[in-house]
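Proteins get letters first, then strands, A, B, ... in listed order; numbering begins at 1 in each.
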Amino acid sequence: MRSLQYRPSSFKQLLFSCGGAQTLARIHALIVISGALAGPHSPGHLIAAYARLGDVAAARAVFRTSSNPTISTWNALIVANSRLGSPADVLRLYRLLAARPGLARPDSSTFTLALRACAHLSDLEAGEEIKNRAADLGYRYDVFVCSSLLNLYAKCGKMDDAVKVFDEMPKRDVVSWTTMITGFVNAGEPLEAIGMYKRMRLEGMEGDGIAMVGLVQASAALGDVRMGCSVHGYMVRREINLDVLVETSLVDMYAKNGFLDTALFIFNRMPYKNVVSWSALISGYAQNGLAGDALSMLIKMQDCGLEPDLVALVSAILACSQMGCLKLGKSIHCFIQRRFEFERISATAVIDMYSKCGSLISARALFDRISSRDLISWNTMIASYGAHGCGKHALSLFREMNKTKINPDQATFASLLSALGHSGFVEEGRYWFDRMVREYRIKPGEKHYACIVDLLARAGHVDKAHELIKSMVIEPGIAVWVALLSGCLNHKRLELGQYIAEKVLNLNPDDLGVYSLVSNVYAAAKNWDKVIEVRKVMKSMGMRKVPGYSLVEVCGQLHAFLMEDKSHPHYEKIAEMLQKLGFEMRKMSYVPKTEFVFHDLEEDVM
DNA sequence: ATAGGGTTAG
């Protein structure tokens with residue numbers, strides 16, 4: 001370093017390669033001693049070096065020593081603020097320059113930095129102003145300026161405007177293409193994103209790792225693991241560096257779509273993982289119903305010394321709702337409240353958890369605390385009422401929702417119709433189904449038909465339900481037929497029931513409950529050959545599949561009950577209580593339907 | 001030599 005002391009032009013290189021704060025301080029000292037700052041050399045590089053280390057205070061201090069800062073010196077200071085994540089300060093500095101032309105003339109870097117700050121703040125208005133100013137100064141078609149403008153539009157949900165700018169660009173590079181790809185992914189248009197990539201390849205441009213992240217996300221959104229896999233292979237073949245972000249997006253793509261082994265394999269081999277990588281895996285487990293694995297991963301993450309972020313905790317909440325772990329769910333909720341700001345997404349997840357764990361009151365209390373509810377928060381609360389058999393509450397909440405600016409979607413109606421059905425509100429159900437189609441212009445899907453068929457069939461309108469199915473535009477699936485079938489059973493329409501049962505069996509259901517219903521229909525019709533046949537299928541399935549069970553949490557302890565399961569330590573007491581309850585219910589004139597149930601079950605429980 | 005695009009959740 002001593003030999004460099006008197007050669008100020010070498011400082012530039014030195015500053016660029018300098019590693020730590022201490023080295024930088026020494027170089028700074030040398031620069032001061034050599035008198036380089038007083039000379040014609042701009043302190044921009046020194047400021048930039050401090051910016052790279054995130055030391056804005058030092059960057060500012062150096063800036064203040066400069067008497068006539070050039071635009072690069074200004075830019076260096078702006079970068080320092082940008083690095084620190086202070087977009088408001090970036091804009092403040094930009095405005096200072098814009099307001100006083102005598103200071104220094106903003107260049108492409110200045111505009112780019114300012115536009116990026118606007119994207120951070122989602123400030124379209126400021127962005128437009130900057131864009132116009134940039135155009136005036138001759139930067140209208142600058143690739144950097146345009147790319148940051150594209151990004152601003154994309155972040156503000158203005159893909160139409162982004163497309164306009166993009167199409168007018170005379171030159172595009174990998175960044176501008178990638179901005180469009182990512183923009184479409186985030187806009188929920190993965191097919192458009194893929195289309196962009198194809199166009200890019202047609203123009204002879206190769207994508208890099210960041211572009212691949214966009215494609216991996218698009219594959220994940222489409223549930224197209226084959227495509228995701230080929231993107232993965234492409235990166236390996238082209239020796240694109242698989243950094244944390246790329247690998248995390250791969251873990252997410254595989255995990256989300258049920259390929260948890262693959263996801264875990266990649267995850268385990270990641271040389272460096274961060275909180276986001278862990279969260280991606282945890283959410284993958286939770287989304288695939290592997291609640292236990294999700295929770296044990298959360299614990300493992302903490303054992304590795306990492307603090308779970310909100311995403312990991314929301315996934316853990318999801319796991320709790322699947323397992324009915326009210327106590328754990330509550331404590332995670334408290335943990336979230338202590339550490340994070342009140343936030344809509346996590347609140348909605350917690351509402352769902354409380355509801356699924358049986359605590360409807362807590363769910364509603366939290367719903368009332370959300371000040372700006374969105375579609376999903378409304379849908380979740382309406383579905384909660386439905387699941388608890390509170391059709392009235394679901395309907396009145398739905399009416400309240402209609403007073404807001406948020407329009408119900410197909411999920412809202414699926415929840416509403418199911419709520420009305422479970423409460424036996426036949427007329428209301430038919431009424432809202434009708435309005436959904438006519439007024440809200442929502443095309444009924446499988447779920448809606450299943451709800452309405454269930455509702456009609458339950459109320460004894462089996463033929464009407466059958467007619468509705470025949471009038472369906474989409475191919476009726478298992479759910480619809482099962483709804484009708486169960487109506488047939490309840491109303492002793494066994495001739496039709498057997499015909500429907502046949503249809504259901506032909507669709508190869510994957511659900512033991514469906515076979516059980518089919519078997520009951522045949523049993524009611526005394527078609528014993530068929531009963532034996534179906535039970536055989538069930539038996540072979542039972543070996544492969546985990547049968548459904550109910551869970552209840554008592555004092556933080558989970559108790560699971562399977563069909564015909566006597567393994568619980570307090571089985572005797574429980575059976576005794578069940579008998580008592582059955583007796584009480586009969587006294588209140590409730591007549592349980594046991595006539596179709598298998599004999600062994602009948603003897604055991606009733 | 002300064003600047004633009006990237007990972008997880010209801």
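- Judged by distance alone with a 3.5 Å cut-off, a donor-acceptor contact links the side chain of Thr178(A) to the base of dG5(B).
- Residue-to-nucleotide contacts include a donor-acceptor pair under 3.5 Å from the side chain of Ser108(A) to the base of dA3(B).
- Here the CG-CG distance, from Leu250(A) to Leu242(A), works out to 6.5 Å after rounding to the nearest 0.5 Å.
- Using a 4.0 Å heavy-atom criterion, one finds that Leu113(A) contacts the sugar-phosphate atoms exclusively.
- Closest to the side chain of Leu245(A), from the set dG4(B), dT7(B), dA9(B), is dT7(B).
- The stretch residues 246-269 of chain A touches DNA chain B through Val246(A), Thr248(A), Asp252(A), Lys256(A), each having a heavy atom within less than 4.0 Å of the strand.
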Assess whether ring pair (Phe, Tyr, Trp, His ring centres under 6.0 Å) is satisfied between Trp378(A) and Phe367(A), documenting all intermediate values. CA-CA 8 Å; Trp378(A) 283 101; Phe367(A) 178 78; 5.3 Å; yes

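- The one candidate from Val246(A), Asp208(A), Leu215(A) that meets the side chain to side chain contact (heavy atoms under 4.5 Å, CB included) condition with Met235(A) is Val246(A).
- Closest to the side chain of Ile210(A), out of dG10(B), dG6(B), dT8(B), is dG6(B).
- Here the side chain of Thr348(A) is nearest to one of dG6(B), dA9(B), dG10(B), namely dG10(B).
- Relative to the side chain of Gln287(A), the nucleotides dT2(B), dG5(B), dA9(B) differ in distance, and dA9(B) lies closest.
- Side-chain atoms of Thr110(A) and Asn75(A) include a donor-acceptor pair closer than 3.5 Å.
- Here the side chain of Ser109(A) is nearest to one of dG6(B), dG5(B), dA3(B), namely dA3(B).
- At the heavy-atom level, Val79(A) lies under 4.0 Å from the strands shown only through sugar-phosphate atoms.
- Residue Arg83(A) is in sugar-phosphate contact alone, with no base atom involved, counting any heavy-atom pair closer than 4.0 Å across all strands shown.
- Among the heavy atoms of the strands, none lies under 4.0 Å from Ser277(A).
- Taking each heavy atom of Gly214(A) and Val185(A) in turn, the nearest pair found is O-CG2, 3.5 Å.
- Residue Thr182(A) is in sugar-phosphate contact alone, with no base atom involved, counting any heavy-atom pair closer than 4.0 Å across all strands shown.
- Listed candidates were dA3(B), dT8(B), dG6(B). Nearest to the side chain of Ser279(A) is dT8(B).
- Of all heavy-atom pairs between Leu298(A) and Ala312(A), the closest is CD1-CB, 4.0 Å.
- Comparing dA9(B), dT7(B), dG5(B) by their closest approach to the side chain of Val213(A) singles out dT7(B).
- For the pair Arg172(A) and Phe166(A), the cation-pi criterion (under 6.0 Å, within 45° of the ring axis) is fulfilled.
- The distance between the ring centers of Trp177(A) and Tyr197(A) does not fall below 6.0 angstrom.
- You'll find a donor-acceptor pair under 3.5 Å spanning the side chain of Asp309(A) and the base of dT8(B), going by distance alone.
- A heavy atom lying under 4.0 Å from DNA chain B marks the following residues of residues 142-153 of chain A, by number: Val143(A), Phe144(A), Ser147(A), Asn151(A).
- Scanning all heavy atoms of the two residues, the minimum distance from Gly127(A) to Cys118(A) falls at N-SG, 3.6 Å.
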